[in-house]
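Because the structure is a prediction, the values reported are computed rather than measured. Atoms within a ligand are numbered from 1 in the order they appear, just like the ligands themselves. Hydrogens, waters and symmetry mates play no part in the numbers below; they use all other heavy atoms, side chains included. The residues of the chain are indexed from 1 along the displayed sequence.
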Amino acid sequence: MLAIGILVSGRGTNLQSIIDAIEAKRINAEIKVVISNKPDALAVERAGKHGIPVEVITNEGFASREAYDAKLVEVLKGYGVELVVLAGYMRILTPGFIKAFPMRIMNIHPALLPSFPGLNVQKKAIEYGVRYSGCTVHFVTEEVDTGPIILQAPVPVLCDDTVESLSKRILTEELKLYPEAIGLFSEGKLEVRGRRVFIKEKE
Ligand code: GRF
């Protein structure tokens with residue numbers, strides 16, 4: 001069974017969708033630990049309700065980002081984590097962290113990468129005038145939002161969309177896509193060749 005560690009900072013709807021998929025046995029995995037850098041994150045409460053170990057690690061007392069990330073690696077390895085899942089984690093990981101889990105860190109981004117990396121991307125998609133945005137699950141590499149793409153789901157941008165309405169429709173897709181990607185990983189079906197991720201038995 002795949003041992004997962006999930007990093008969060010906020011409301012935790014993606015975390016909840018992963019918890020639900022595991023509890024419904026749609027993914028053969030166990031969440032060993034949820035780590036939050038924010039003590040008051042709703043995600044912390046969600047994990048607690050499901051009896052998942054939670055570690056709150058704020059950046060207080062750490063001399064550098066590297067020192068902070070070294071602590072995270074120590075905690076994750078201590079729980080035997082094999083796959084790190086970023087679910088609304090609002091810090092950029094240092095190269096040291098990424099080297100500790102090569103092609104074993106996933107992120108979900110609320111746009112169709114490589115369009116609109118970074119923050120506030122639903123607003124950027126509306127302002128740019130694209131007809132489609134969506135979400136992307138990708139492996140995390142040292143450059144932000146550029147790692148090999150695992151799955152994507154398109155979402156049309158409607159002419160009367162607000163940031164809120166578009167974000168909501170994208171989130172609906174995120175909540176399906178992330179558990180699907182983790183499921184594929186847990187079944188050993190993802191093969192990374194260069195920038196491309198092949199899904200075994202499908203391609
Ligand atoms: C999601 O929109 C996700 O794509 C982005 O951060 C948000 C997290 O939301 N990376 P939640 O904490 O899972 O509700």
Please state which protein non-hydrogen atom is closest to atom 12 (O) of ligand 1 and give its distance, to 0.1 Å?
G12 N, 2.9 Å
Can you name the nearest heavy-atom pair linking S133 to P110, along with the distance?
OG-O, 4.2 Å
With the threshold set at under 4.0 angstrom, would you say A43 reaches ligand 1 through any of its heavy atoms?
no
How far is atom 6 (O) of ligand 1 from the closest protein heavy atom, and which atom is that?
G88 CA, 3.7 Å
Would H138 and Q152 count as having a side-chain donor-acceptor pair, cut-off 3.5 Å?
no
Among protein heavy atoms, which sits nearest to atom 1 (C) of ligand 1, and what does the distance come to when rounded to 0.1 Å?
E174 OE1, 3.2 Å
Within a strict 4.5 Å, meaning less than it, do heavy atoms of the E142 and K99 side chains meet?
yes
Test the K77-F101 pair against the cation-pi criterion, namely NZ or CZ under 6.0 angstrom from the six-membered ring centroid and within 45° of the ring axis.
yes
If you scan protein heavy atoms around atom 9 (O) of ligand 1, the nearest is R11 NH2, 3.3 Å
Would you say ligand 1 has an N or O under 3.5 Å from any N or O of L171?
no
Which ligand 1 atoms, with their elements, are less than 4.0 angstrom from a heavy-atom of P110?
2 (O), 4 (O)
In this structure, which one of V84, I6, V137 forms a side chain to side chain contact (heavy atoms under 4.5 Å, CB included) with M106?
V137
Same cluster or not: I108 versus I170, using hydrophobic residues (I, L, V, M, F, W, Y) connected whenever any side-chain heavy atoms lie under 4.5 Å apart?
no
Close-contact set for ligand 1 against I108 heavy atoms, below 4.0 Å
3 (C), 4 (O), 5 (C), 10 (N)
